Participant: 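Here it is, the structure, as structure tokens.
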Amino acid sequence: MSRTEELSRRTGTEGQSRGRWPALSVLVLAVLLVAVDATVLGLATPALSEDLKPSGTQLLWIGDIYSFVIAGLLVSMGSLGDRIGRKKLLLIGATAFGAVSVLNAYASSPEMMIVARALLGVAGATLMPSTLALIRNIFHDPRERSLAIGIWGATASAGAAVGPVVGGALLQHFWWGSVFLINLPVMIVLVIVGIKLLPESKNPVAGPWDLISVGLSLVGIIAVVYAVKEAATHGPSWEAAGVAALGIGTLYAFVRRQFTLTAPLLDMRLFKHRGFSGAVLADLLTVFGLSGLVFFLSQFLQLVQGREPLEAGLAELPAAIGAVATGLLAGRYARKYSVRVLVSGGLAAIGAALAVLTVIHKETGYPLLGAALLVVGLGAGFSFTVTADVILSSVPKEQAGSASAVSETAYELGAALGIALLGSIVTGVYQSFTAPASVSGPVADAAHESLGGAVEAAKSLDPETARTMVDAAQVAFVDGLRLASGVGAAVLLATAVAAWFLLKGQKLQDGIEH
């Protein structure tokens, strides 16, 4: 390449990237929007349970329907962004996300809350793949892109910190629905500033959006996750087996169809790249191991240890602080050492921290909990940031939306399965506790639905009986949490070993793209 050509290339790259850091600030607002929403729900669960009085099954649906719908639609939305424009899809999704947040805030029944969370999932499915795909197209220097992805991931972690603290403060003074309304100012800023700062990008040869593939991916993923959830909650049944068969058959048809299309919704050849497949698997199983635990941890801090919502939110800060710190450094250290060292080491750290939580009890002091949460955050910051970088750098930038969607699908599918399976372990162990003999059938049934239900049902009993029943419920809940932590630890440690082999030889890019 001549000096003139090199100068021209650099000038073109700089032109394409002008304003990239201000544009990144808009993208991380979208990440913040989704992260805050995900974390405040767990904190608001006790108050929501007291007001809406959901059954144990309904409470799990409220917790995981959001992830179910997002998981089912992410591939479709990532592909749609490649076609119509990622900026356009992001701004439409952000507007819808804010509007549906109002519906969540004013839900008046468990059924309405489940529907509202599902609609929020539809809107949320447009946001995450669009943000990562835009980062892939805005940042041409791989080192800058690694830092941008680190900031992207750190913001998600910061949202996990801001959500509980702000949500806790709101819950101290307002009703539980107020935690959803904090999405509105973020959405307004995102849309107004995003219109001006974000560059548009799309795949110029993406082809038509295949609606049959959209339907197949949505039905297949939701059916499989639903079947797993039902089997975990109620035990194996013909109904669960039938739904699982439907889901697997539909996903098989989806994969077959992608190979026959000239413009597939998802290019299945991406999975031939060992680094890409290893990073996706690491994401899915990591979130699986974490999500069920995180969903119930806020209940442990509030309903078992008696902390106020704001105090519980502050107690969860170490995980976010650790993830922010390591997320910003992950790209640099992955180049200095290796991708598999950071990813496997991060996963092993999370697994070890979850293993420590198998010994917690009602009176466990905060130093142990805080230290475990900090280690979880440190490990997650390394592993999630590096795997996101690997996934994005493994594909041409024209396919960034589809690749980002695969990454986010793994994340959301892992969250849904984690809440369904690990959450069902907690619920199953919890429901085995014995209520005092003097407690009537309807009150005992309400107490067995959830720990929040037991606390609420106890208000109708005399103080001595109420204390006995709540103590038994709390012990059973902690027993379930310990068992779920052990399962999560085993999954994470096994994933660390698998990542060590799958990511062998994987490196992050160094040279500027042109």
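Only heavy atoms go into these numbers, but all of them, side chains included; no hydrogens, no water, no symmetry mates. As the structure is a computational prediction, the values presented were derived from the model and not from experiment.
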Participant: Which heavy-atom pair separates V426 from G480 by the least distance, and what is that distance?
Facilitator: CG2-O, 3.6 Å

Participant: Roughly how far, to the nearest 0.5 Å, is NZ of K87 from CG of L134?
Facilitator: 9.5 Å

Participant: Would you indicate whether the side-chain heavy atoms of I92 and T126 approach each other to under 4.5 Å?
Facilitator: no

Participant: For the pair Y333 and Y337, name the ring-plane relationship: parallel under 30°, tilted 30 to 60°, perpendicular over 60°.
Facilitator: parallel

Participant: When rounded to the nearest 0.5 angstrom, what is the spacing between CG in D51 and CD in E456?
Facilitator: 9.5 Å

Participant: When you compare the side chain of L190 with that of M187, does any pair of heavy atoms fall below 4.5 Å?
Facilitator: no

Participant: Determine yes or no for a side-chain-to-main-chain donor-acceptor pair under 3.5 angstrom, with S344 supplying the side chain and W500 the backbone.
Facilitator: yes

Participant: Find the distance between CG (L103) and CZ (R117) and round it off to the nearest 0.5 Å.
Facilitator: 11.5 Å

Participant: Is there side-chain contact between V390 and V339, with at least one heavy-atom pair below 4.5 Å?
Facilitator: yes

Participant: Can you tell me how far apart OG (S76) and CD1 (I221) are? Round to the nearest 0.5 Å.
Facilitator: 8.0 Å

Participant: Measuring from atom CD of Q431 to atom CG of L451, what distance do you get when rounded to the nearest 0.5 angstrom?
Facilitator: 12.0 Å

Participant: More than 12 foreign heavy atoms under 6.0 Å from NZ of K362: is that the case here?
Facilitator: yes

Participant: Is it the case that the side chain of T95 and the backbone of L91 share a donor-acceptor pair, with hydrogens and angles ignored and the cut-off at 3.5 Å?
Facilitator: yes

Participant: Report yes or no: does N104 contribute a side-chain atom to a donor-acceptor pair with the main-chain N or O of A116 at less than 3.5 Å?
Facilitator: yes

Participant: Under 6.0 Å between ring centres, would you say that holds for F276 and F271?
Facilitator: yes

Participant: Would you check if S383 and L342 make a side-chain contact, meaning some heavy-atom pair closer than 4.5 Å?
Facilitator: no

Participant: Can you find a pair of side-chain heavy atoms, one from L27 and one from L90, that are under 4.5 Å apart?
Facilitator: yes

Participant: Donor-acceptor pairs under 3.5 angstrom involving side-chain atoms of residues 364-376: please list them, not counting sequence neighbours.
Facilitator:
residue	atom	partner	partner atom	Å
T364	OG1	H361	N	2.7
T364	OG1	H361	O	3.0
Y366	OH	A315	O	2.6

Participant: Report yes if the side chains of V359 and R482 come closer than 4.5 Å at any heavy-atom pair, otherwise no.
Facilitator: no

Participant: I want to check something: taking the side chain as every heavy atom from C-beta on, are I149 and V386 in contact at a cut-off of under 4.5 Å?
Facilitator: no

Participant: What I'd like to find out is whether the side chain of V304 reaches to under 4.5 Å of the side chain of F477, using heavy atoms alone.
Facilitator: yes

Participant: Could you grab the distance from atom CD of Q474 to atom CG of L481, nearest 0.5 Å is fine?
Facilitator: 12.5 Å

